[in-house]
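So you know, we letter chains A, B, ... as the sequences are listed, proteins then strands, and number each from 1.
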Number of protein chains: 2
Amino acid sequence: MIQVQTSLNENVVPIAEKGDESRFGAILDAAEYIFASSGYEGAKMRQIAENAGVAQGLIHYHFGNKEKLFESMVARRSGHINNRRAKLLDGLFVDSTTPSLEDVVTALFRPTIETGLSMAKDGGSFSRILVSFANSAAPREQGLAERYYDPIARKFINAFHEIEPRLTKADAVWAYMFAIGVGMTMMAKTGRSLRLSDGVCDDGNIDEMLKKIVIYICGGIRALIENTEN
Amino acid sequence: MIQVQTSLNENVVPIAEKGDESRFGAILDAAEYIFASSGYEGAKMRQIAENAGVAQGLIHYHFGNKEKLFESMVARRSGHINNRRAKLLDGLFVDSTTPSLEDVVTALFRPTIETGLSMAKDGGSFSRILVSFANSAAPREQGLAERYYDPIARKFINAFHEIEPRLTKADAVWAYMFAIGVGMTMMAKTGRSLRLSDGVCDDGNIDEMLKKIVIYICGGIRALIENTEN
DNA sequence: GTCTATAGTTCGATAGAC
DNA sequence: GTCTATCGAACTATAGAC
């Protein structure tokens with residue numbers, strides 16, 4: 001029996017509040033950008049400090065060490081995004097209506113994308129952090145994925161099963177995992193599709209890509225259903 | 001017009017030949033394992049030397065520096081795998097037969113998987129290296145992806161278009177990108193599906209996963225075809 | 001809360017013996 | 001071809017002034 005965990009780590013929020021005049025937020029912004037560009041090991045505290053316009057020592061004063069800085073950065077952004085994802089998903093089921101598979105898959109990705117687009121510079125940074133979560137088996141990444149992303153994942157898995165009852169519970173999990181895999185193609189923005197299509201397929205065009213991956217993912221899920229052995 | 005590059009970097013082969021009694025191969029094996037476990041920046045030359053049972057200086061004697069060691073490791077394994085992929089794909093089109101989409105997608109992944117399975121210990125290492133290629137926008141990874149993987153990618157993209165002429169050339173590229181994204185779910189072996197399904201969905205069961213992703217990917221591609229605006 | 005200065009460690013790479 | 005020993009640079013983290 002697949003059990004659902006509904007709490008969404010809403011307790012984990014940024015320590016800095018609105019009106020905070022410290023350099024707290026600037027450090028987190030810089031950390032997000034540098035970690036996304038260079039990876040955890042490749043990111044240097046000096047580089048983050050320089051990008052944030054603060055002394056290196058200040059980062060340690062606020063966050064203690066590199067690992068805690070990383071988790072704080074993840075907690076801030078994921079908390080905001082996943083609350084929006086949960087509300088969007090729940091909103092699809094009001095008045096006992098059954099949403100389309102397309103609606104659910106769109107709700108899976110849109111808040112992350114829109115949060116990125118709403119940011120002043122390089123809104124794709126946090127998406128790249130998420131890509132590293134989805135694809136790393138390392139304890140740090142899987143630990144954070146478990147803590148900050150598994151609860152909302154279980155909600156989407158349940159939604160898949162609820163609107164497509166012929167999808168087995170196991171296949172609902174696979175449907176989720178594969179959807180994330182396809183989504184990472186959009187989030188990673190490697191530019192490879194541009195190369196392979198000689199300039200035609202632009203992975204920087206988020207709106208077009210979202211439409212494509214929703215079609216693809218829903219087609220994949222329906223194929224899983226049709227191939228279920230009864 | 002999407003152009004095809006058919007050369008497969010067959011010129012890039014391991015420098016060490018059969019019967020080579022040097023520690024050359026042992027270093028590459030250790031590098032593959034350590035780079036896969038820790039990432040490029042996280043991998044330490046000391047750690048690779050220790051794992052290979054050689055002195056650190058010997059790695060520099062053979063490979064010059066860390067970056068060249070990394071590329072040599074990629075070149076050795078990708079050369080072997082991609083030659084097998086190309087032969088398998090070409091074999092599907094002999095006697096002017098048209099293979100199924102399922103056959104082509106299987107040919108996309110099977111050689112990588114089987115090469116891993118044939119290895120004594122931790123055959124999943126190189127798959128993890130590939131995951132980092134597929135999802136990193138960093139120059140090192142995209143440079144190696146372009147050099148060692150774009151040529152074979154173009155062959156598969158053309159195969160998609162050839163057996164499904166209603167698939168636009170652009171959508172054939174998306175079909176390839178998304179297939180790789182789904183495949184990464186299998187190659188990364190993060191163990192997340194096991195968590196999310198409470199032990200039911202094992203991403204370590206390669207045979208079962210390959211069947212699943214082939215069904216899913218083909219369903220996704222057919223959905224792209226059906227949604228083409230004419 | 002923020003800075004400068006630096007301690008203590010670890011890294012990639014090299015020199016030179018065998 | 002392989003080893004030991006070590007250099008110089010760069011890293012995380014801390015101490016202490018303001």
Holding to side-chain hydrogen bond (donor to acceptor under 3.5 Å, both in side chains), I want the full list of residues that pass it with B:R195, two or more places apart in sequence or in another chain. A:Q142, A:D150
In whole angstroms, how far is the P atom of D:dA15 from the CD1 atom of A:I59? 18 Å
A:L58 CG to D:dG16 P: how many Å, rounded? 19 Å
Give the table of side-chain donor-acceptor pairs shorter than 3.5 Å for residues 104-113 of chain B, with sequence neighbours excluded, one pair per line with atom names and distance.
{"from": "B:T106", "atom 1": "OG1", "to": "B:E102", "atom 2": "O", "distance (Å)": "2.8"}
{"from": "B:R110", "atom 1": "NH1", "to": "B:E114", "atom 2": "OE2", "distance (Å)": "3.4"}

Who pairs with B:Y216 by ring pair (Phe, Tyr, Trp, His ring centres under 6.0 Å), at least two apart in sequence or on another chain? A:F178
Polar pairs (N or O, both sides) under 3.5 Å between protein and nucleotides 9-14 of chain C?
{"from": "C:dG12", "atom 1": "OP1", "to": "B:A43", "atom 2": "O", "distance (Å)": "3.4"}
{"from": "C:dG12", "atom 1": "OP1", "to": "B:K66", "atom 2": "NZ", "distance (Å)": "3.2"}
{"from": "C:dG12", "atom 1": "OP2", "to": "B:M45", "atom 2": "N", "distance (Å)": "2.9"}
{"from": "C:dG12", "atom 1": "N7", "to": "B:R46", "atom 2": "NH1", "distance (Å)": "3.0"}
{"from": "C:dG12", "atom 1": "O6", "to": "B:R46", "atom 2": "NH2", "distance (Å)": "3.3"}
{"from": "C:dA13", "atom 1": "OP2", "to": "B:H60", "atom 2": "NE2", "distance (Å)": "3.1"}
{"from": "C:dA13", "atom 1": "OP2", "to": "B:K66", "atom 2": "N", "distance (Å)": "3.0"}

Going by atom type alone, with no hydrogens or angles, which donor-acceptor pairs under 3.5 Å involve a side-chain atom of residues 49-56 of chain A and a protein atom two or more places apart or on another chain?
none

Once you round it to whole Å, what is the distance between P of D:dT4 and CD of B:E50? 13 Å
Hey, would you say the A:F63 and A:F24 ring centroids sit under 6.0 Å apart? yes
Partners of A:F35 by ring pair (Phe, Tyr, Trp, His ring centres under 6.0 Å), sequence neighbours excluded? A:Y40, A:F70
Measure the distance from CD1 on B:I27 to P on D:dG1 and round it to the nearest whole Å. 11 Å
Phosphate contact (C:dG1 OP1 or OP2) by A:R23 side-chain N/O below 4.0 Å: no
